[in-house]
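Position 1 is the first residue of the sequence, and the numbers go up from there. Note that ligands are numbered from 1 as they come in the structure, with each ligand's atoms numbered from 1 the same way.
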Amino acid sequence: MLKTVRIINKGLKGDITIPADKSISHRAVMFSAIAHGECQINNFSSGADCHSTLNIFKHLGTDIRFIDEKTLIINSNGKLKPSEVALDAGNSGTTTRLISGILAGQNFDSVIIGDNSLSKRPMKRIIEPLSLMGAKIESTNGCVPLKIYGTQLNGIEYSSQLSSAQVKSCILLAGLNASGKTTYHEPFLSRNHTEILLHYLGADIRVNKNSVIVYPSELTAKDIDVVGDISSAAFFIAAGLIVPNSSFVIKNVGINPTRSGIIDVVKRMQGEIYIRNTREVSGEQCADIMVCYTNNLKGCTIEGEDIPRLIDELPIIAVLASQAYGQTIVKNAEDLRNKESDRINCLVRELSKIGINITETPDGFVIEGKTKIKGDAELESYHDHRLAMSFYVAGLIAEKEIAINGFEWTNISFPEFEKLFAKLIAGGN
Ligand code: S3P
């Protein structure tokens, strides 16, 4: 689908509520499916990725019922059954990597398949540590399809080279069902939703800085309220800062410190952002965020421990940085090349088409601001939801219209994206 973006002159105003966090929605279903008892999950993500996870657990025999579009009941005796069909993870790396940790320790075999993009993403990062635990996994050149031969696993101590929450979660989930303790170390702290939710559901899990220990544990089902997704809010935060005359509130945003790098970067860039009404929801921190147009944003350097805290926000940060004075440098983000697309190369290629001064580096990019966004171009989304949404935000302030090819890929994480922008645009008129 080719989407032409409307250019906004009058600012974005009003308030919006951000839909459910994708990472937490995946985990809510997976962990409830292996927990004992019945629970209700409120505010579940309507994105296609989380529905891939839901469908997989239906095939694995979990009793899942919807009360309404975003509320579901899961009832489980803690056990999964073999699926009669291959488990289709669609576009979702999180689904694939996390369920591999669960399936490797079952007493049955499973096959995981996915779409073209998922079939190119690296799975050795989970196969290697799972194999050290005794898992038997066949891959297709290190990618899906994966054939997982369920077996009894043993706990390990593992130091990962990557700061990846998907790898960490995979090993912790395998550790729940292994013999003995499992210890996982990572260079920088990646998102810790797995640790928080496993603790909330009663697992014996202990965290010390960048290390986690999990003991074999049974989980007890408990109702889960999913907070709003800061990675979705990021598009609105950026738009509020760069569309002149904007000021609005984004409600119910998860601000877990392992995810809130975008807020720190905006502050470093001297953007007007205010965090209000901070509260805790199912173990996660949540707040309302007010954002206002800022004419004098400053470029900054983003590197090291920042990266896992804003890995999914780097495409929209590139658009934001194009409207900041001076240079913005992103380093140590080479894993961006392994996302739904090669996000470094695709971002640089497409943003260059609309006049943004962006240069590719092996592990990131450099942007020279402040540039006018020329528009009058068709941008390719490469079937990548976050690229499509980032280009949309650039289009709001372009001099001439931008069209985005493959805009429907936004449904992977955020089907409500355009509707929420329409609300803020109407508020500005
Ligand atoms: C996720 C972890 C991150 C992130 C992805 C979701 C998760 O991936 O990019 O969108 O839910 O654990 P990596 O762990 O591969 O960095």
Side-chain angles (χ1 to χ4, degrees), residues 20-31 44-45 47-50 52-53 89-102 114 117-118 120-129 142-144 160-173 184 186-198 210 212 226-227 229-235 254 256 258-262 284 304-317 330 332-344 347 363-364 384-390 409-410 412-414:
D21 189 276
K22 178 161 85 73
S23 291
I24 300 174
S25 294
H26 281 299
R27 287 160 171 82
V29 170
M30 293 177 189
F31 302 180
F44 184 71
S45 166
D49 269 6
C50 294
S52 295
T53 292
N91 190 245
S92 176
T94 308
T95 307
T96 310
R97 297 194 177 115
L98 271 62
I99 64 167
S100 296
I102 295 174
S117 146
L118 187 65
K120 292 189 196 116
R121 295 180 66 185
M123 294 299 153
K124 278 202 179 120
R125 55 184 62 194
I126 54 159
I127 296 173
E128 279 174 12
C143 300
V144 295
S160 176
Q161 304 296 310
L162 293 167
S163 295
S164 160
Q166 294 182 357
V167 178
K168 174 173 65 176
S169 303
C170 170
I171 301 311
L172 295 178
L173 289 168
Y184 188 90
E186 59 184 341
F188 299 120
L189 191 58
S190 65
R191 66 190 65 189
N192 63 0
H193 305 302
T194 294
E195 296 90 305
I196 289 176
L197 198 52
L198 286 181
N210 300 355
V212 195
V226 183
V227 298
D229 197 327
I230 192 166
S231 298
S232 299
F235 300 104
N256 177 322
T258 63
R259 291 284 298 282
S260 58
I262 176 80
E284 291 280 352
E305 64 185 348
D306 294 333
I307 300 298
R309 298 180 61 234
L310 45 62
I311 185 76
D312 292 337
E313 286 63 81
L314 288 167
I316 187 60
I317 286 174
V330 173
N332 313 128
E334 52 282 328
D335 211 29
L336 264 192
R337 297 192 186 275
N338 296 316
K339 297 292 176 186
E340 287 82 332
S341 67
D342 173 345
R343 283 191 179 149
I344 297 179
L347 195 60
D363 64 345
D384 183 332
H385 54 131
R386 297 201 199 279
L387 292 188
M389 292 188 278
S390 302
W409 284 86
T410 52
I412 286 293
S413 62
F414 198 1

Engineer: Between Arg121 and Cys143, is there a side-chain heavy-atom distance shorter than 4.5 Å?
Structural biologist: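 Not in contact.
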
Engineer: Give the residue and atom name of whichever protein heavy atom lies nearest to atom 4 (C) of ligand 1, and the separation in Å to one decimal.
Structural biologist: Asp312 OD2, 3.3 Å

Engineer: Looking only at heavy atoms, is any part of Arg27 under 4.0 Å from ligand 1, and if so is it the side chain, the backbone, or both, or is it neither?
Structural biologist: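 It is the side chain that touches ligand 1; the backbone stays farther off.
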
Engineer: Are any of the side-chain heavy atoms of Ser163 and Ile307 separated by less than 4.5 Å?
Structural biologist: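 A side-chain contact under 4.5 Å is absent here.
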
Engineer: By number and element, which atoms of ligand 1 are closer than 4.0 Å to a non-hydrogen atom of Ser164?
Structural biologist: 13 (P), 14 (O), 15 (O)

Engineer: Please compare Arg386, Lys339, Lys168 and report which has the shortest non-hydrogen distance to atom 3 (C) of ligand 1.
Structural biologist: Lys339

Engineer: side-chain hydrogen bond (donor to acceptor under 3.5 Å, both in side chains) for Thr53 and Thr95? Distances and angles first, verdict last.
Structural biologist: CA-CA 6 Å; Thr53 292; Thr95 307; 2.8 Å; yes

Engineer: Could you list which atoms of ligand 1 come closer than 4.0 Å to a heavy atom of Thr94?
Structural biologist: 1 (C), 6 (C), 7 (C), 11 (O)

Engineer: Would you mind running through ligand 1 and noting each atom that sits below 4.0 Å from a heavy atom of Ile311?
Structural biologist: 9 (O)

Engineer: Which protein non-hydrogen atom lies closest to atom 11 (O) of ligand 1, naming both residue and atom, and how far is it?
Structural biologist: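 Atom 11 (O) of ligand 1 sits closest to the protein heavy atom Ser23 OG, 2.7 Å.
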
Engineer: Quick one: does Leu98 get an N or O within less than 3.5 Å of an N or O on ligand 1?
Structural biologist: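 In fact, backbone or side chain, Leu98 has no N or O that close.
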
Engineer: Out of the candidates Lys22, Arg259, Arg191, only one should pair with Asp229 under the salt bridge (charged side-chain N to carboxylate O under 4.0 Å, His left out) rule; please name it.
Structural biologist: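 Running salt bridge (charged side-chain N to carboxylate O under 4.0 Å, His left out) over Lys22, Arg259, Arg191 with Asp229 returns exactly one hit, Arg259.
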
Engineer: Is any NZ, NE, NH1 or NH2 atom of the basic residue among Asp384 and Lys339 found under 4.0 Å from an Asp or Glu carboxylate oxygen of the other?
Structural biologist: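 Between Lys339 and Asp384 there is no salt bridge, as every charged N stays at least 4.0 Å from the carboxylate O atoms.
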
Engineer: Return yes if a side-chain donor-acceptor contact under 3.5 Å exists between Ser23 and His193, otherwise no.
Structural biologist: no

Engineer: Can you pull out the closest protein heavy atom to atom 1 (C) of ligand 1? Residue, atom name and distance to 0.1 Å, please.
Structural biologist: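 Result: Gln166 NE2, 3.5 Å.
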
Engineer: Looking only at N/O atoms, are Ser169 and ligand 1 under 3.5 Å apart anywhere?
Structural biologist: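 In fact, backbone or side chain, Ser169 has no N or O that close.
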
Engineer: By number and element, which atoms of ligand 1 are closer than 4.0 Å to a non-hydrogen atom of Ala165?
Structural biologist: 12 (O), 14 (O)

Engineer: Determine whether a donor-acceptor pair (N or O, by modelled atom type, separation under 3.5 Å) exists between the side chain of Ser45 and the backbone of Cys50.
Structural biologist: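 No.
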
Engineer: How does Arg191 reach ligand 1, if at all, at less than 4.0 Å between non-hydrogen atoms: by side chain, backbone, both, or neither?
Structural biologist: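 Contact part for Arg191 vs ligand 1: side chain (C-beta onward).
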
Engineer: If the condition is side chain to side chain donor-acceptor pair (under 3.5 Å), which residues does Thr194 pass it with, not counting sequence neighbours?
Structural biologist: Arg27, Ser169

